[in-house]
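First comes the structure, then the notes that go with it.
Proteins get letters first, then strands, A, B, ... in listed order; numbering begins at 1 in each.
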Amino acid sequence: MVAMPELPEVESVRRQLHPRLAGRLVRAVHLDPQARFGAVDKAAGHRIAEVRRRGKYLLAPLDSDLELIMHLGMTGSFRFRGGGDGWQPDAYVRATFELDDAVMDFRDVRRFGRLTVVPTGDYAGIATLLGLGPEPLTADFDPARFHADIARTRMSVKPALLTQRPVAGVGNIYADEALWRARINPHARRLSRTRTDRLHAAIREVLVEAIAREGTTFRDYRMVDGEPGRNADFLVAYGQAGQPCPREGTPLRKVVLGGRGTTYCPRCQR
DNA sequence: AGATCGGCCTGGACGC
DNA sequence: TGCGTCCAGGCCGATC
């Protein structure tokens, strides 16, 4: 495992990115010739209004009814040159934004990150963003709707969460953490309202706690100032296979579910 | 239409 | 030491 920026990591990046980008003019965008980014160079000549977040996406409205969309993928990070944090561009810089008062690099070892510019709100070419579920930390995340979404699908609850449709921003780490906390087996289907209510609360809790620690860093995830998140030492399920369950000591089991590594307690997660 | 699966991409871990 | 193989996974497109 490397990084997997999920909602807490992306939100931590957003909080540092917003003050550095809001109001700035993009003078030019330089791309790695191998990068398959969309029309991100269309950002050139436009001013950034703000940096928002939806799920794991960073959204930066530009003037002229354009919108810069950024996704960190697995290993993406934004770094600024000459900021005193020692950052120097390396072989993994995939895009460089020349701003009116700064130079920002997008670094991405595995190239899973995505950058593009679209007409404001036109997400037709970005299926996951188009079908993105509610923001978990707002009132939009409604327990009744969450239950209906989880009950409607025939998928197991964990893969269902990873589709981003029942709720936005939950990835592999926080799915395992929330399911453990809610004592729900990741294979479970058609959960009762009582259990989706527990999961609803657990998702909010693990995300809020991880944001307070500025996310989970294993290796590559870095905030804009280069600092790692501090949540890795607080994970109780993800990556803890074989360790005793903190609730009652049964060794945690790792399986592959929906093609993703999944760790859970076979005894207390039913 | 919803669900499933392979591919993308790379470096690090691991085995011999 | 060095090489080959496997693994990690968010998202997307193809297919069932």
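- Atom P of nucleotide B/dT4 and atom NE2 of A/His187 are separated by 12 Å, given to the nearest angstrom.
- Between the CG atom of A/Asp108 and the C1' atom of C/dG9 there is a distance of 13 Å, given to the nearest Å.
- One atom, CG of A/Leu72, and another, P of B/dT10, lie 17 Å apart when rounded to the nearest Å.
- Residues A/Ile48 and A/Leu66 are members of one and the same hydrophobic cluster, defined by side-chain heavy-atom contacts under 4.5 angstrom among Ile, Leu, Val, Met, Phe, Trp and Tyr.
- For C/dA8, one of the phosphate oxygens OP1 or OP2 lies less than 4.0 angstrom from a side-chain nitrogen or oxygen of A/Lys254.
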Legend entry - Protein-to-nucleotide contact annotation, 5' to 3' order, nucleotides 10-16 of chain C [B base; S sugar-phosphate only; - none; under 4.0 Å, heavy atom]: BBS----
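- In this structure a side-chain-to-backbone donor-acceptor pair under 3.5 Å is missing from A/Arg195 to A/Ala182.
- Distances shown here put every side-chain N or O of A/Arg154 at or beyond 4.0 Å from the OP1 or OP2 atom of B/dA3.
- In this model, the phosphate group of B/dG2 is not approached by any side-chain N or O of A/Thr153 to a distance below 4.0 Å at OP1 or OP2.
- Taking NZ of A/Lys56 as the start and CG of A/Leu72 as the end, the distance is 10.5 Å to the nearest 0.5 Å.
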Can you give me the N/O atom pairs linking the protein to nucleotides 11-13 of chain B at distances under 3.5 Å, or say none if there are none?
unit_1	atom_1	unit_2	atom_2	d
B/dG11	OP1	A/Tyr92	OH	2.7

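- Taking five base pairs at each end of the helix from B/dG2-C/dC16 to B/dC16-C/dG2 and finding the rotation axis that steps the C1' atoms of four pairs onto the next four gives two axes whose angle is 50°, to the nearest 10°.
- Phosphate contact (OP1/OP2 of B/dG2, side-chain N/O of A/Arg165, threshold under 4.0 Å): absent.
- Contacts classified as salt bridge (charged side-chain N to carboxylate O under 4.0 Å, His left out) and involving residues 200-213 of chain A (residues at least two apart or in different chains) are given here: A/Arg181-A/Glu205, A/Arg181-A/Glu209.
- Each of A/Val255, A/Asn185, A/Val256 was compared with A/Thr262 under the side chain to side chain contact (heavy atoms under 4.5 Å, CB included) criterion, and only A/Val255 meets it.
- As a whole-Å value, the separation of A/Arg107 CZ from B/dC9 P is 18 Å.
- Classification of the A/Phe106-A/Phe78 ring pair by plane angle, with boundaries at 30° and 60°, yields tilted.
- When each of A/Met70, A/Arg14, A/Arg15, A/His18 is paired with A/Arg53, the side chain to side chain contact (heavy atoms under 4.5 Å, CB included) condition holds for A/Arg14 and for no other.
- Seen from the ring of A/Trp180, A/Arg247 counts as a face-on cation partner, given the 6.0 Å and 45° thresholds.
- For A/Arg24, the CZ atom counts as densely surrounded, since its 6.0 Å shell holds more than 12 non-hydrogen atoms of other residues, nucleotides or ligands.
- Nucleotide B/dT10 holds its C1' atom 13 Å from the CG atom of A/Asp32, rounded to whole Å.
- Screening residues 165-179 of chain A for salt bridge (charged side-chain N to carboxylate O under 4.0 Å, His left out) gives A/Lys158-A/Asp176 as the qualifying pairs, with residues at least two apart or on separate chains.
- Using a 4.0 Å heavy-atom criterion, one finds that A/Gly261 contacts the sugar-phosphate atoms exclusively.
- For residues 27-54 of chain A, the set of pairs meeting the ring pair (Phe, Tyr, Trp, His ring centres under 6.0 Å) definition, not counting sequence neighbours, is empty.
- Between A/Tyr238 and C/dA8 there is no side-chain N or O to OP1 or OP2 distance below 4.0 Å.
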